[in-house]
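The structure appears below as structure tokens.
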Amino acid sequence: DAKTTQPPSMDCAEGRAANLPCNHSTISGNEYVYWYRQIHSQGPQYIIHGLKNNETNEMASLIITEDRKSSTLILPHATLRDTAVYYCIVRVEEGYSGAGSYQLTFGKGTKLSVIP
Amino acid sequence: GAGVSQSPRYKVAKRGQDVALRCDPISGHVSLFWYQQALGQGPEFLTYFQNEAQLDKSGLPSDRFFAERPEGSVSTLKIQRTQQEDSAVYLCASSQAGDSTDTQYFGPGTRLTVL
């Protein structure tokens with residue numbers, strides 16, 4: 001799986017949008033971009049994923065650049081409960097069955113602190 | 001519905017002791033994963049099961065680590081002769097099918113401290 005680069009930490013004021021960047025310049029055409037987050041003392045939680053189109057769900061929006069070399073996770077109205085470590089992960093597409101295709105490869109992520 | 005559960009939540013072991021960590025995946029989930037998370041790091045893959053078959057154990061750090069899922073449901077991660085470097089949070093995740101992009105649901109983890 002391609003390597004990702006994220007800033008180690010970010011702050012965001014409560015109620016404002018949190019924009020978390022991720023660089024994945026070596027991403028392959030068959031790799032999806034996934035985002036997970038991990039709140040303190042909990043297991044990681046799935047947020048959203050996408051291939052090349054922008055995606056939105058009830059938790060967040062994912063913006064992927066046209067060349068797919070970077071993406072941004074957007075939390076539109078951050079709350080204190082959004083304070084967590086956010087992981088950007090790339091994974092191969094559905095149906096790929098090569099070795100190592102199933103597990104998630106986490107980096108160190110971005111520690112987002114939402115400030116009152 | 002019930003999520004992934006793990007027990008115990010906390011385990012303290014003396015160096016050299018054997019430990020067994022249990023994972024109860026979401027009912028009906030085919031795939032089960034174990035990850036190890038050291039302090040301040042992201043989780044790292046240990047092993048993967050599809051039903052009772054262990055399809056990938058490439059992440060197990062040594063032969064002291066052993067995982068099983070005999071009936072394709074509950075899984076146990078066993079660590080023999082624990083060492084201080086085994087201290088970490090051990091996370092279990094399950095996913096509904098064997099698809100490579102299926103969403104993984106994580107349990108709360110077991111924090112192992114080896115003294």
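Within every chain, numbering begins at 1; the chains are lettered A, B, ... in the order of the sequence lines, protein sequences first and strands thereafter.
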- What residues of residues 8-16 of chain A sit under 4.5 Å from chain B when you count only heavy atoms? none

- Could you list which of residues 107-116 of chain A have a heavy atom closer than 4.5 Å to any heavy atom of chain B, in residue-number order?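 Those residues of residues 107-116 of chain A which have a heavy atom under 4.5 Å from chain B are A/Gly107, A/Lys108.
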
- Item | B/Tyr35 side chain to A/Leu104 backbone, donor-acceptor under 3.5 Å |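 Confirmed, B/Tyr35 side chain pairs with A/Leu104 backbone.
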
Closest non-hydrogen atom pair between [X] and [Y], with its separation:
X        : Y       : result
A/Pro44  : B/Leu91 : CD-CD1, 3.9 Å
B/Arg9   : A/Ser41 : NH2-O, 3.6 Å
A/Gln103 : B/Asp56 : OE1-OD2, 4.0 Å

- Task: Please flag which part of B/Gln37 lies under 4.5 Å from any non-hydrogen atom of chain A: side chain, backbone, both or neither.
- Result: side chain

- Query: At a heavy-atom separation under 4.5 Å, does B/Arg111 approach chain A through its side chain, its backbone, both, or neither?
  - Reply: neither

Check whether [X] and [Y] end up in the same hydrophobic cluster, where Ile, Leu, Val, Met, Phe, Trp and Tyr are linked by side-chain heavy atoms less than 4.5 Å apart.
X       : Y       : answer
B/Leu77 : B/Val4  : no
A/Trp35 : A/Met59 : yes
B/Ile79 : B/Leu32 : yes
B/Phe45 : B/Leu39 : no
B/Val89 : B/Leu21 : no

- Message: Under the criterion side-chain contact (heavy atoms from CB on, under 4.5 Å), I'd like the reasoning laid out for B/Phe106 against A/Tyr36: C-alpha separation, chi angles, the key distance, then a yes or no.
- Response: CA-CA 11 Å; B/Phe106 284 80; A/Tyr36 276 74; 3.9 Å; yes

- Message: To the closest 0.5 Å, what do you measure between CZ (A/Phe106) and CD (B/Glu44)?
- Response: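 Here the rounded value is 11.0 Å.
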
- Message: Taking every non-hydrogen pair under 4.5 Å, which of B/Gly109, B/Gly42, B/Gly40 racks up the most with chain A?
- Response: B/Gly42

Does [X] [atom1] have over 12 foreign heavy atoms under 6.0 Å away?
X        : atom1 : result
B/Glu85  : CD    : yes
B/Arg64  : CZ    : yes
B/Leu115 : CG    : yes
B/Tyr105 : OH    : no

